[in-house]
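For reference, the structure discussed in these notes is given below.
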Amino acid sequence: MENLLTKLDAYKKEIASTPVADAQQLEEFRIKWLGTKGLVKAIMGEMKTVAPELKKEAGQALNEFKIFAETTYETLKEAAGGAASSSTARIDLSLPGDEMPLGSRHPVVLMKNRIVSIFQRLGFAVAEGPEIEDDWHNFGALNLPEHHPARDMQDTFYVQQNPDWVLRTHTSSVQIREMEKGKLPIRMLMPGRVYRNETVSARSHCFFHQVEGLYIDEHVSFADLKQTLYFFVKEMYGKDVKVRFRPSYFPFTEPSAEMDVTCFICGGSGCNICKKTGWVEILGCGMVHPNVLSNCNIDPGKYTGFAFGMGIERPAMLKYGVNDLRLFSENDVRFLKQFTSAI
Ligand code: PHE
């Protein structure tokens, strides 16, 4: 009995001074003391040799030693971050799962998708083109020869290394690329980013986004243009919205018009958004100029067509109540994540 107690004391000291620095040493500790052939089990077996009158005392000492060895092991395991062998025991299956962070679409993309989906229902397909354009596709083919005063309507960024290249000022350049392919009829939408050299402020930016549309076939008339845009406005802004066309000028369309809708903020009674007029301009449009058709090898005697173009940022600002255009391009996550559930 004396023997047993001295042995337990020595074991305790050894356990207390065993260095455990990593998972491997921890495992060695476990095998040496708590394993099936470990020292704790072995010394428990010595109970058999203890005289009956001393069994109670010996049992208590052995039990206490066993608990000491086990709790030391648990403490070391905590410190080592959990041994690999029993790491699964640390998973609490009753905890609720981690939420998957949801991404969100950019408000300009949301608005673009809305516009595109309405025209897609009328059979329009989507076409894209380069943002760095040559002079011909951005201007020349669109009936804007060199030195044409209307070039000043769009403050153009020129590429320094090559004065024939510009950052496209509108996606009408993609209309030219589609017409040049020579496949008729054409019923296309051209969404994309465009650039104009304007001072950046809450109301204007040096780049923005457009959706333009083009329809070319035999016998396309201004009535088709109006019906198409009426449909768009009803789907986009509701059936109570009124529409008006104002004569306008674009070098690439003749006749040309701008389309206004009754202000969707005040309903037409006059507010700051519509500058008290009750109307908001939303797009430019017209019948494709015969020169433009000829420039793309389409016979203007046989084919006619209409085109239209609208900005995306302004309707997006009105729809989502955004009062500063710069917010769209600052990539501030606090702004962007607000659009998670918007359609
Ligand atoms: N390209 C014109 C613009 O950017 C819009 C437009 C397109 C007007 C097609 C008429 C026809 O302002």
Side-chain angles (χ1 to χ4, degrees), residues 108 112 115-116 119 122 124 126-131 133-145 148-157 166-179 186-198 203-216 220-229 232-233 243-261 280-293 295-296 298 300 303-315 325:
V108 167
K112 182 201 82 178
I115 297 171
V116 167
F119 285 105
L122 293 177
F124 282 78
V126 171
E128 286 180 343
E131 291 184 17
E133 261 301 359
D134 53 65
D135 194 273
W136 171 252
H137 288 95
N138 196 79
F139 292 126
L142 286 156
N143 204 26
L144 275 142
H148 192 291
R151 285 194 178 206
D152 297 341
M153 278 164 68
Q154 304 181 342
D155 305 285
T156 312
F157 282 118
V166 299
L167 298 187
R168 68 179 178 196
T169 59
H170 47 193
T171 55
S172 305
S173 52
V174 189
Q175 304 196 10
I176 299 298
R177 289 182 178 278
E178 282 306 310
M179 287 188 265
I186 296 173
R187 218 179 321 174
M188 287 282 185
L189 282 182
M190 295 83 189
R193 178 176 289 182
V194 301
Y195 300 82
R196 294 189 194 174
N197 190 0
E198 287 185 30
R203 315 214 103 242
S204 69
H205 211 291
C206 57
F207 65 81
F208 57 96
H209 299 78
Q210 279 189 327
V211 176
E212 294 209 356
L214 176 69
Y215 182 27
I216 297 184
V220 176
S221 69
F222 203 87
D224 297 316
L225 166 63
K226 284 174 94 172
Q227 285 309 319
T228 304
L229 295 178
F232 167 69
V233 167
V243 174
R244 74 177 182 191
F245 285 86
R246 278 179 292 106
S248 184
Y249 172 75
F250 299 103
F252 31 88
T253 47
E254 181 59 36
S256 305
E258 274 167 305
M259 193 174 87
D260 299 340
V261 294
V280 197
E281 184 218 312
I282 58 163
L283 56 82
C285 58
M287 301 306 291
V288 179
H289 196 292
N291 289 355
V292 176
L293 295 174
N295 285 339
C296 303
I298 296 172
Y303 289 98
T304 49
F306 66 73
F308 57 86
M310 68 187 96
I312 301 179
E313 271 83 351
R314 195 133 61 108
L325 200 55

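This is a predicted model, so every value here is computed, not measured. Each ligand, and each atom within it, is numbered from 1 in the order the structure gives.
A search for side chain to side chain donor-acceptor pair (under 3.5 Å) contacts involving S256 returns T253, not counting sequence neighbours. E212 is linked by a side chain to side chain donor-acceptor pair (under 3.5 Å) to S172, Q175, counting only residues two or more places apart in sequence or in another chain. Every residue was checked against the side chain to side chain donor-acceptor pair (under 3.5 Å) condition with Y303, not counting sequence neighbours, and none meets it.
Checked against a 6.0 Å centroid threshold, the rings of F232 and F124 do not count as neighbours.
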May I have a table of the N/O to N/O pairs between ligand 1 and the protein that fall below 3.5 Å, each row giving the two atom names and the distance to 0.1 Å?
{"residue": "ligand 1", "atom": "1 (N)", "partner": "H170", "partner atom": "ND1", "Å": "3.1"}
{"residue": "ligand 1", "atom": "1 (N)", "partner": "S172", "partner atom": "OG", "Å": "3.0"}
{"residue": "ligand 1", "atom": "1 (N)", "partner": "E212", "partner atom": "OE2", "Å": "2.8"}
{"residue": "ligand 1", "atom": "4 (O)", "partner": "R196", "partner atom": "NH2", "Å": "2.9"}
{"residue": "ligand 1", "atom": "4 (O)", "partner": "Q210", "partner atom": "NE2", "Å": "2.8"}

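A ring-ring contact (aromatic ring centres under 6.0 Å, His included) with F306 is found for one member of Y215, F250, F222 and no other, namely Y215.
With salt bridges taken as basic N to acidic carboxylate O contacts below 4.0 Å, one links E133 and R177.
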